[in-house]
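Here the structure comes first, spelled out in structure tokens, and everything after it is commentary.
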Protein chains: 2
Amino acid sequence: MLDERSRQVLFAVIDCYINSPGPVGSRVVTKQYAFGLSPATIRNIMADLEEIGFLKQPHTSAGRVPTDTGYRYYVDAITAEKQSLESGLASDLNRRLELLGKDINLFLDDASRMLSVMSHYIGIALSPNTSSALLNRIDLIKYRDDQVAVILFSDEGIIRNKIVPISPEVTQADLNRIAEYINDRFSGSTLDEIKRLILGEMMKEKVLCDSLIDEAIRICRDIFSAAPGNVYISGLSGMLSLPDFCDIARIKDLMSAIEDKQIMVNFLDRIADAEGTQIFIGSENPLDEMKKLSLVAATYKEGSRPIGTVGIIGPTRMNYQHAITIVDMTAKYITTMLSYR
Amino acid sequence: MLDERSRQVLFAVIDCYINSPGPVGSRVVTKQYAFGLSPATIRNIMADLEEIGFLKQPHTSAGRVPTDTGYRYYVDAITAEKQSLESGLASDLNRRLELLGKDINLFLDDASRMLSVMSHYIGIALSPNTSSALLNRIDLIKYRDDQVAVILFSDEGIIRNKIVPISPEVTQADLNRIAEYINDRFSGSTLDEIKRLILGEMMKEKVLCDSLIDEAIRICRDIFSAAPGNVYISGLSGMLSLPDFCDIARIKDLMSAIEDKQIMVNFLDRIADAEGTQIFIGSENPLDEMKKLSLVAATYKEGSRPIGTVGIIGPTRMNYQHAITIVDMTAKYITTMLSYR
DNA sequence: ATTAGCACTCTCCATCATCGAGTGCTAATA
DNA sequence: TATTAGCACTCGATGATGGAGAGTGCTAAT
């Protein structure tokens, strides 16, 4: 589709633009990249690239700027070829990852910060989606007359805990029977499944005395209903130092994109199923607020089941090579970290 | 210190400035507030107010702007006199508060959002400081060969939970003995105290067999060491719509003030002991990053012990009357909410 | 003690000319 | 045929200029 020379020119323009914003002229391309061609020739090539939509001019007689489509071509190219990740970066990243805690939620908070520091963009990390976690066991602890602590375990730890009100007549022994029942029936299923199954099944079940069933149903409805995921976001102030965000309007866009964490959670949840590193460039983004930003994200897994996401949000003019490496390594690190526990 | 007329002029200027930024001139004061005085007289009074440092001119022949000292005088005045809170505001606020959840952490997240919506500034809420919570009971649940779930209860619910590795030889019965021991000795003390006492005391204690003590000490060290507080912050994007943040530099200041949550937590923790609503105006702020912002904060309590903070961060030119009312009511609401459980 | 009047100051805004970077096109060149 | 030098042209950025307007301080009159 693109001859070798055009490719190189496109990549040169992108490279230039990543290093400093502002349209790239034909002259600087010839200066900084040894093509052995004159500006005039470069101009012709650039005109061709504009024609097929990989570059555009902000206005007549300014230099060229890559379009989202241009970036897409570039990103596809660099992800296709074997990534020779800079050894310095890799070891630095590993060192930083080692330093973070082992508790997954604290880890994610730190990880988002680390991602932002390493990339100079915004680092995000989405906490594990508990509703697809496998129940290992449930514990019900009566700790006050009218309250019971419900604790759900997966194989990897406590996934949920909550205080639920309860009628004072229910004894710890009763609670043990409820817990035993749930453990027998449902351990090994995901919380989502349990939520769907449990209410119906309990209605029919007659092994427990009736008033208990009422309590049990209420408890289950409470604890198995979806808990909101948590998203950690870091590096906003750093982003503002970038020349890309020199006008207030863009900053406001950025903020509103970030601010509603619920939207963010839903969005990241939605892409969590896909394999490998995902890249959304500017207008490719499904979220309106992010049409002028790019997202590089990868999911981390527990076993083979993707449970959460880490990523970097930056200007479309971001250093994709760098970002991809960082995000990829971080996701892989979390995955192995989870499997070693 | 200030005669009645000067006071009124000062308040008029502040009122004007709160409604729209930009220096206020003598003419608009005479127009909007019926003093029955001419602009010239107002000018003289304003010159006096400038002399004592309550107003200042951005440049010769611009209007006047309140100084931090001026605001302080104003705020002291309005807090001293009986607050006649607008009935509309109060009921609206109450309605919104009722809508929020009852689980304290979810509540705080929503509350910070509510605070920002109501004030149009930034809403903050600091989660309860668990290290000064009173232990009601500890539970140790072995749920895998090499791991134990530790759950701390206060009178109000689960305050901490954590998975701690453990040697496989320790049985559930052993854990029960450890838990019983801790419950006997320490329930009713704050986690902070326990942390200080427990390690030393355990060393001496010989009721448990030795290898168990080692395990117990390790577990306690883990679970009783300080957990980071959590701070919920909302409304950044809204703030950017204010005319006060029209230049990037101020936005960056704002961001860096907000971004490092750890600093925020420490700061809010430090002021958490004081009674009533606290107000830091501009340069009064202990935090450098906040020297151009104001903070209105109040603590909420559990019984008589202050355990957390809610507040509003805005430009020094904020509507203090409004902010104080909102923050105050919210803190009081949380306090009663906690006491009814 | 207050006020009208007036000269003065300073910001804001639009206008205008200039500069320079970068282009597209054409004609010359290898 | 592909490349390049040369040139006219476009357009944004920059800075100077010059009212207009808002608001002051001062003085003299009430």
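Predicted model, so just to flag it, every value in this text is computed and none were measured.
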Could you list the donor-acceptor pairs under 3.5 angstrom formed by side chains in residues 42-54 of chain A, with sequence neighbours left out?
from: Arg43(A); atom 1: NH1; to: Ser26(A); atom 2: OG; distance (Å): 3.3
from: Glu50(A); atom 1: OE1; to: Arg64(A); atom 2: NE; distance (Å): 3.0
from: Glu50(A); atom 1: OE1; to: Arg64(A); atom 2: NH2; distance (Å): 2.8

Neighbours of DNA chain C within residues 42-52 of chain A, by heavy-atom distance under 4.0 Å
Arg43(A), Met46(A)
Just checking, is any N or O donor in the side chain of Ser116(A) or Ser234(A) under 3.5 Å from an acceptor N or O on the other one?
no
Reading DNA chain D 5' to 3', what string of ( ), [ ], | and . shows its pairs, if Watson-Crick and G-U wobble pairs count only when both distances fall under 3.5 Å?
||||||||||||||||||||||||||||||
With a non-hydrogen cut-off below 4.0 angstrom, is Gly36(B) in contact with a base, only sugar-phosphate, or nothing?
sugar-phosphate
Could you tell me the separation between the CG atom of Leu55(A) and the P atom of dG22(C), rounded to a whole number of Å?
15 Å
Value rounded to 0.5 Å, distance of CD1 in Ile78(A) from CD in Gln321(A):
4.5 Å
Can you tell me how far apart CG (Leu293(B)) and OH (Tyr121(B)) are? Round to the nearest 0.5 Å.
11.5 Å
What is the separation between atom NZ on Lys31(A) and atom P on dG22(C), rounded to the nearest whole Å?
12 Å
Please report the distance, rounded to the nearest Å, between CZ in Phe35(A) and P in dT4(D).
13 Å
More than 12 heavy atoms of other residues, nucleotides or ligands under 6.0 Å from CZ of Arg27(A): yes or no?
no
Quick one: pull up CZ in Phe11(A) and OG in Ser6(A) and give me the separation to the nearest 0.5 Å.
11.0 Å
To the nearest 0.5 Å, what is the distance between CD (Glu284(A)) and CD1 (Ile279(A))?
9.0 Å
Give a yes/no on whether any side-chain N or O of Thr41(A) is located under 4.0 angstrom from OP1 or OP2 of dT4(D).
yes
Would Glu289(B) and Ser256(B) count as having a side-chain donor-acceptor pair, cut-off 3.5 Å?
no
Does Arg5(A) have a side-chain nitrogen or oxygen under 4.0 Å from the phosphate oxygens OP1 or OP2 of dA2(D)?
no
With 3.5 Å as the limit, what N/O pairs link the protein to nucleotides 26-29 of chain C?
none

Reckon Arg64(B) has a side-chain N or O less than 4.0 Å from the OP1 or OP2 of dG25(D)?
yes
Go through the structure and list residues passing side-chain contact (heavy atoms from CB on, under 4.5 Å) with Asp247(A), not counting sequence neighbours.
Ala249(A), Arg250(A)
Side chains of Asp15(A) and Tyr33(A), donor plus acceptor under 3.5 Å:
yes
Please write out each protein N/O paired with an N/O of nucleotides 10-19 of chain C under 3.5 Å, distance rounded to 0.1 Å.
from: dC10(C); atom 1: O4'; to: Ser61(B); atom 2: OG; distance (Å): 3.4

From Ile271(B) atom CD1 to Phe280(B) atom CZ, the distance as rounded to the nearest 0.5 Å:
5.0 Å
Flag, side chain of Thr330(B) to backbone of Ile326(B), donor-acceptor distance under 3.5 Å:
yes
Do you know the tightest heavy-atom contact between Asn285(A) and Ser294(A)?
ND2-CA, 4.2 Å
